[in-house]
Asker: 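Sharing a structure with you now.
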Amino acid sequence: MLNARFPEIFADELAEIMLGYPISKLTFIAVKKFGTDGIIEKDQVLTLSIPTQSLLDACQMVLDNANRNQDFILNGASTSEGKLLKLLKNEAVSKTKTSTVEKKPTKATKAIKS
């Protein structure tokens, strides 16, 4: 349960890791704007300073949880991607009468499968 005193911050990706001792820093970014010219604007939303040992413990926790929930994660990713692809194909067909959208693995599914 989230504590209302602390903000929940959404990030699209991890932009930078400064691994050091005794403190490491993680910088997260989020998409600010999708430009019509294909340019994506991103903003830094958080830099987290954390003891390096705590970061390593957290990394191990993420790997353990991903391993335990691998089937659920892969099934969810496939289902979600399938729905998105169907929507994109329908949109592309309605605009051009032909669809060239193909399913490509995401970074997340590639990382989990390897």
Side-chain angles (χ1 to χ4, degrees):
M1 180 177 195
L2 291 175
N3 187 326
R5 296 182 314 152
F6 301 103
E8 178 177 344
I9 299 170
F10 177 81
D12 286 302
E13 60 188 86
L14 179 61
E16 183 177 21
I17 299 175
M18 292 180 280
L19 196 59
Y21 187 83
I23 301 292
S24 291
K25 293 186 179 196
L26 306 166
T27 300
F28 296 88
I29 57 175
V31 171
K32 178 181 176 184
K33 179 180 166 186
F34 290 98
T36 55
D37 55 0
I39 296 175
I40 301 172
E41 291 182 36
K42 299 177 181 181
D43 273 346
Q44 179 178 331
V45 293
L46 173 70
T47 296
L48 174 67
S49 297
I50 184 170
T52 302
Q53 185 59 53
S54 295
L55 174 60
L56 296 174
D57 292 343
C59 290
Q60 186 63 56
M61 189 183 310
V62 168
L63 292 172
D64 291 345
N65 281 312
N67 188 43
R68 270 194 306 278
N69 297 301
Q70 184 174 11
D71 292 338
F72 178 75
I73 293 168
L74 291 174
N75 183 44
S78 296
T79 302
S80 178
E81 286 178 0
K83 289 178 182 177
L84 179 59
L85 282 171
K86 184 177 180 180
L87 176 67
L88 291 174
K89 284 181 181 181
N90 287 338
E91 183 68 21
V93 168
S94 68
K95 286 184 178 178
T96 65
K97 302 295 182 198
T98 60
S99 177
T100 58
V101 178
E102 63 183 30
K103 185 172 182 177
K104 295 180 181 175
T106 64
K107 289 180 186 175
T109 56
K110 286 180 186 175
I112 291 171
K113 288 180 181 177
S114 56

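All values below come from the heavy atoms of this structure, side chains included, with hydrogens, waters and symmetry mates left out.
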Asker: Could you work out the complete set of other residues in the hydrophobic cluster of Leu14, with links drawn between I, L, V, M, F, W and Y side chains under 4.5 Å apart?
Answerer: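 Listed partners: Ile9, Ile17, Leu19, Leu26, Phe28, Val45, Leu46, Leu48, Ile50, Leu55.
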Asker: I'd like to check the salt bridge (charged side-chain N to carboxylate O under 4.0 Å, His left out) partners of Lys42; sequence neighbours left out, ordered by chain and number.
Answerer: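 Lys42 satisfies salt bridge (charged side-chain N to carboxylate O under 4.0 Å, His left out) with Glu13 only.
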Asker: Does Thr47 reach the main-chain N or O of Thr27 with its side chain, forming a donor-acceptor pair under 3.5 Å?
Answerer: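 Pair absent, no side-chain N/O of Thr47 close to backbone of Thr27.
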Asker: So how far is it from Gln53 CD to Ile23 CD1, rounded to the nearest 0.5 Å?
Answerer: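 Going from CD on Gln53 over to CD1 on Ile23, the span is 12.0 Å.
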Asker: Tracing side-chain links under 4.5 Å among I, L, V, M, F, W and Y, which residues wind up in one group with Val31?
Answerer: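 Members alongside Val31: Phe34, Ile40.
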Asker: Using a 6.0 Å cut-off, check whether atom CG of Asp71 has over 12 heavy atoms from anything other than its own residue.
Answerer: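 Not more than 12 within 6.0 Å, no.
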Asker: For residues Ala11 and Ala30, report the shortest heavy-atom separation together with the two atoms involved.
Answerer: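 Closest pair (atom of Ala11, atom of Ala30, distance): CA-CB, 4.3 Å.
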Asker: Counting distance only, does the side-chain N/O of Asn65 pair as donor-acceptor with the main-chain N or O of Met61 below 3.5 Å?
Answerer: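 Yes; judged by distance alone, with no hydrogens or angles, the pair exists.
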